[in-house]
Each structure stands twice: as structure tokens, then as C-alpha cells.
Amino acid sequence: MILSRFFLVAMICLAALLLIGGLAFNIHCCLAAESRAVHLVLGGVQVLALIILSGITLCIRRVIAVAGQKSHEIDRLNRQLAETGRLASIGEVSAGVAHELSSPLSVILTEKQILVDLEKKHPTAMDPDFRLRFLDSMEQIGVQIRRCKEIMHNLLRFARRTGSSVEAVAVNEFIKEILRLVEREARSSGIEIELDLQDNLPEVKTDVSRLQQVIFNLMNNAFDSTEGIPGGTVTISTRKEEVDQKVVIAFIDNGLGIQPEYIEKVFEPFFTTKPAGKGTGLGLSICRSTIERLGGDIKVRSKPGEGSEFSVSLPLNPPKELPDNVNGKIEEAPS
Amino acid sequence: MIETKILLVDDETVFTDNMSKLLSSRGYRVTAVNSGDAAICELERDEFSVVVLDFRMPGMDGLGVLSEIKRLGLPAQIVILTGHGSIDSAREALELGAFDYLTKPCEIDELVARVESAREARDDALEKDAVKGSVHSRDTSCE
């Protein structure tokens with residue numbers, strides 16, 4: 001690298017010297033009224049110097065263009081790295097929260113059991129109406145604790161998948177699992193969620209962490225588009241494309257839709273129509289680059305005022321460049 | 001019926017108090033301690049059928065206690081009951097010789113079912129050892 005730079009600088013200096021020297025000597029000769037042959041030789045030297053300089057200029061332009069491309073690529077990778085890092089942090093925090101919650105939940109469960117045991121021991125000690133209400137509440141506490149445990153397991157699964165590994169994914173189950181983490185918030189915002197999942201869908205062998213990231217982003221994108229819309233509905237559908245052996249996951253919302261002039265831009269980095277603080281404009285761009293890396297593609301269809309459909313198609317097997325440390329199916333948390 | 005003795009090891013005092021009450025009311029004799037070091041002291045002092053063991057504790061952790069039980073050759077079966085469950089920790093515990101692995105929060109009925117299985121496994125192992133011992137002593141007397 002240093003040698004090539006030295007060579008370039010030496011060539012520029014040589015060409016400049018030839019040019020300046022040739023010009024100076026030409027003037028000198030003209031003044032001294034030297035022969036025509038000498039003029040010709042010096043003219044040739046100048047032309048040669050000009051050719052070398054032009055060549056060097058072209059080379060420099062080419063180097064600048066390549067450096068620009070590399071810089072763009074580095075920017076893209078940095079953005080992807082930042083997003084992956086962010087998800088990994090979310091994963092770590094989720095795992096920490098899930099673990100820390102287990103102790104107080106255990107205590108609540110044992111307290112509940114002590115009360116239930118006491119009631120069994122002294123069944124007539126309570127007023128009959130109060131007893132019924134009491135037993136009902138105890139049952140509800142048990143149900144809610146089981147629900148908390150399931151949420152904790154989902155969070156731990158999410159956290160485990162922030163590392164990169166290729167696994168066989170049962171897409172329908174995978175979608176339901178991720179949905180369980182976000183659906184409550186969506187439903188509390190008045191959004192209806194509908195699932196239209198094709199039965200007997202083949203498993204997709206892919207990078208499970210990256211697929212999780214894409215599904216998570218597209219789900220949240222659909223929820224954001226539908227938030228505040230009366231009768232807002234998000235439909236998540238799956239189907240198998242028989243022709244090219246791909247599985248298609250579609251996220252359909254009846255939100256505001258995208259203006260035609262923005263359709264081409266939605267996958268560009270930093271493009272967002274969301275209010276300030278709501279989106280970075282990186283989500284969809286990362287989705288596209290991730291899905292392309294997984295050998296699939298992502299498409300969008302939209303009508304302003306009617307809604308949008310983002311569909312991801314994934315090959316059943318990953319491209320060869322993906323690392324293949326397949327562990328079989330997604331591991332279940334021990335219970 | 002012989003009373004099953006359980007050693008309950010968890011650093012959360014409220015949890016051990018509550019769980020002791022629940023297990024005692026189901027006919028078990030429970031000793032509760034709140035650290036791995038205290039568990040080893042109890043195990044050296046008394047014999048237990050089942051140890052219900054938390055993973056993450058200050059001082060000696062659950063894996064340390066498990067290794068020590070195996071090193072001492074104690075017959076007690078170990079049921080891990082932890083809030084820090086993961087596939088790796090479960091695998092590691094079972095490889096080290098834990099009988100079962102449960103994650104918190106856990107219903108009392110589920111824990112009792114696992115404790116019963118562990119107790120049966122321990123009784124079977126002791127019975128086999130006793131049969132082996134008697135066969136060995138009979139062989140020796142024949143000689």
C-alpha cells in the first residue's frame with residue numbers, strides 16, 4: 001500500500017517535472033533560436049507528460065470511486081451492527097428481567113398456596129360467599145402466574161436468539177411466539193390481530209436470530225401504521241410458494257398506507273414517515289438487507305388510505321454463504 | 001411410612017419459609033438453609049433423601065453444592081429449582097448428576113411429584129446397594 005502510494009507520487013512528480021522542464025526548455029530554445037528537431041523532441045516529451053498526467057488523473061478518480069463504495073458498504077455494516085447490538089442489549093435486559101422476576105413470582109405462588117391450604121384445612125371458617133370469592137381469586141392468581149411464567153420463557157427464548165445460528169424453523173409457531181411478546185400492547189392500542197397461517201407449512205432452514213429481527217420489525221411496523229385507526233387490523237399470513245419452493249410471510253395492515261412517491265424509498269436507510277422519536281428509518285432497510293442475505297426478498301404493496309402489505313419470501317434452505325451450525329429445531333426452555 | 005427428609009437450599013428467605021410450610025404440611029420433614037455453605041454443613045451432619053437446590057446463591061452456588069454432594073458420595077437425590085434456568089445450565093446440572101430440573105415459579109404439586117420421583121430413585125439405588133452388599137457378604141462367607 002505504502003509502495004503503491006510512493007509510486008503514484010513519484011509518477012506525478014516525474015510527469016510534472018517533464019512538463020515544466022519541457023516547457024522551460026522549449027521557451028529557452030525558442031529564445032535561443034535552436035533547431036526544429038530539438039523543438040520536436042521537446043514537444044514529444046510534453047505530450048508524453050500530458051498522457052501520464054491524464055492516466056494518473058483517471059487512476060485517482062477510480063480510487064476515489066472505489067473508496068466511496070467501500071465507505072457506503074462500511075456505513076451499511078455499521079448500521080447493521082448497531083441494530084444487532086441494540087437487539088442483543090434488549091435480549092440481555094429481557095433475560096435479566098425474566099430471571100429477576102422468577103423469585104418474587106415464586107414467593108407469590110407459595111403465599112397463594114399457603115392460603116389455599118389454610119382454606120382446605122378450615123373449610124367452614126369462611127362466610128360461604130366470601131369463600132367462593134376467595135377461591136375464585138386464588139384460581140385467578142394461579143392463572144396469572146402461569147401466564148407470567150410463559151412470558152418469561154418467551155423473553156428468555158428471544159434473548160437466546162440474539163446470537164447467530166442456522167436452525168430449522170417452524171414458521172407458524174415462530175410467528176406466534178414473537179407475537180405473544182407484542183400482541184398485548186397492540187391490542188391495548190385497539191389493534192385487532194388476525195392470523196391466516198397455512199397448515200402443514202414446511203420448515204425453513206435459516207438464521208433464526210435474523211429472521212426473528214425481521215418479523216419483529218415488520219410486526220411493529222404494521223402496528224405503528226395501524227395505531228389510532230378506527231377498526232385497525234393487522235393480518236399476518238403464511239403460505240408456501242409451490243413454484244420456487246419458498247415460504248411467504250405477509251404483514252397486511254389497513255392503516256394509512258404509503259404515498260406512491262414514497263414506495264420506492266421505504267427500504268432506504270433513514271427514510272421514515274413516522275413522527276419524530278417514533279422511528280429511526282432503519283428498520284425496513286435492515287429488513288431488506290437481512291432478507292436478501294438469507295436468500296429471500298421483501299416486497300411492499302400499498303394504497304394510500306387503505307393500507308399496506310409487506311411480504312417476505314424465504315427459501316426453504318439457506319444460501320451457501322450462511323454458516324451451517326444447525327442444532328435441529330428451536331430448543332424449548334425447560335419447565 | 002418412613003418420613004422423607006428434604007433439604008431445601010435457596011437464598012430467598014421468604015421463599016424457603018413458605019416452601020418449608022407447604023412441604024411440611026404434605027408430610028415431609030424439611031430443613032431449610034439459605035446458602036450453599038450452610039447446605040454442605042447440613043449434609044455432613046444429617047442424611048437427606050432429596051435436596052431441593054437453587055442455582056444462583058451468594059458464596060457456593062448450586063453447581064458447587066451439587067459437585068460436593070457427588071464428591072462426598074452422598075445418596076441424596078438432587079432436584080434443581082431455579083429462577084435462572086437455561087438449556088446450558090440444565091444440561092450441566094444433569095451431567096453433574098442432578099435427578100431433575102425445574103424452573104421457578106413452580107406449583108407445589110409439580111415439585112412434590114418430582115420430589116417423590118427423586119425419593120423413589122434414591123430408595124431404589126439404596127436397595128440395589130443393599131442387595132449387592134448381601135450377595136458380596138454371602139460370597140465371602142462361602143469362601
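In what follows, chains carry the letters A, B, and so on, assigned in the order in which the sequence lines appear, proteins first and then strands, with residues in each chain numbered from 1.
Between A:Ser102 and B:Gly83, the closest heavy-atom pair is OG-CA, 3.0 Å.
Residues B:Glu107 and A:Ile145 are not in side-chain contact: their nearest non-hydrogen atoms beyond the backbone lie 4.5 Å or more apart. Side-chain atoms of A:Met152 and B:Pro105, non-hydrogen and from C-beta on, do get closer than 4.5 Å to each other.
Residue contact with chain B, scored on non-hydrogen atoms closer than 4.5 Å, involves the side chain of A:Lys112 exclusively. Interface remark: A:Leu109 contributes side-chain atoms only to the contact with chain B (heavy atom separation under 4.5 Å).
The number of heavy-atom neighbours closer than 6.0 Å to CZ of B:Arg56, taken from other residues, nucleotides and ligands shown, is 12 or below. Under a cut-off of 6.0 angstrom, the local environment of CZ in A:Arg187 is crowded, with over 12 non-hydrogen atoms contributed by other residues, nucleotides or ligands.
Distance check, rounded to the nearest 0.5 Å: OG of A:Ser103 to CG of B:Asp54 gives 7.0 Å. Here the CG atom belonging to B:Asn18 is positioned 11.0 Å from the CD atom belonging to A:Gln113, to the nearest 0.5 angstrom.
Checking side-chain atoms of B:Lys21 against main-chain N and O of A:Thr110 turns up no donor-acceptor pair under 3.5 Å.
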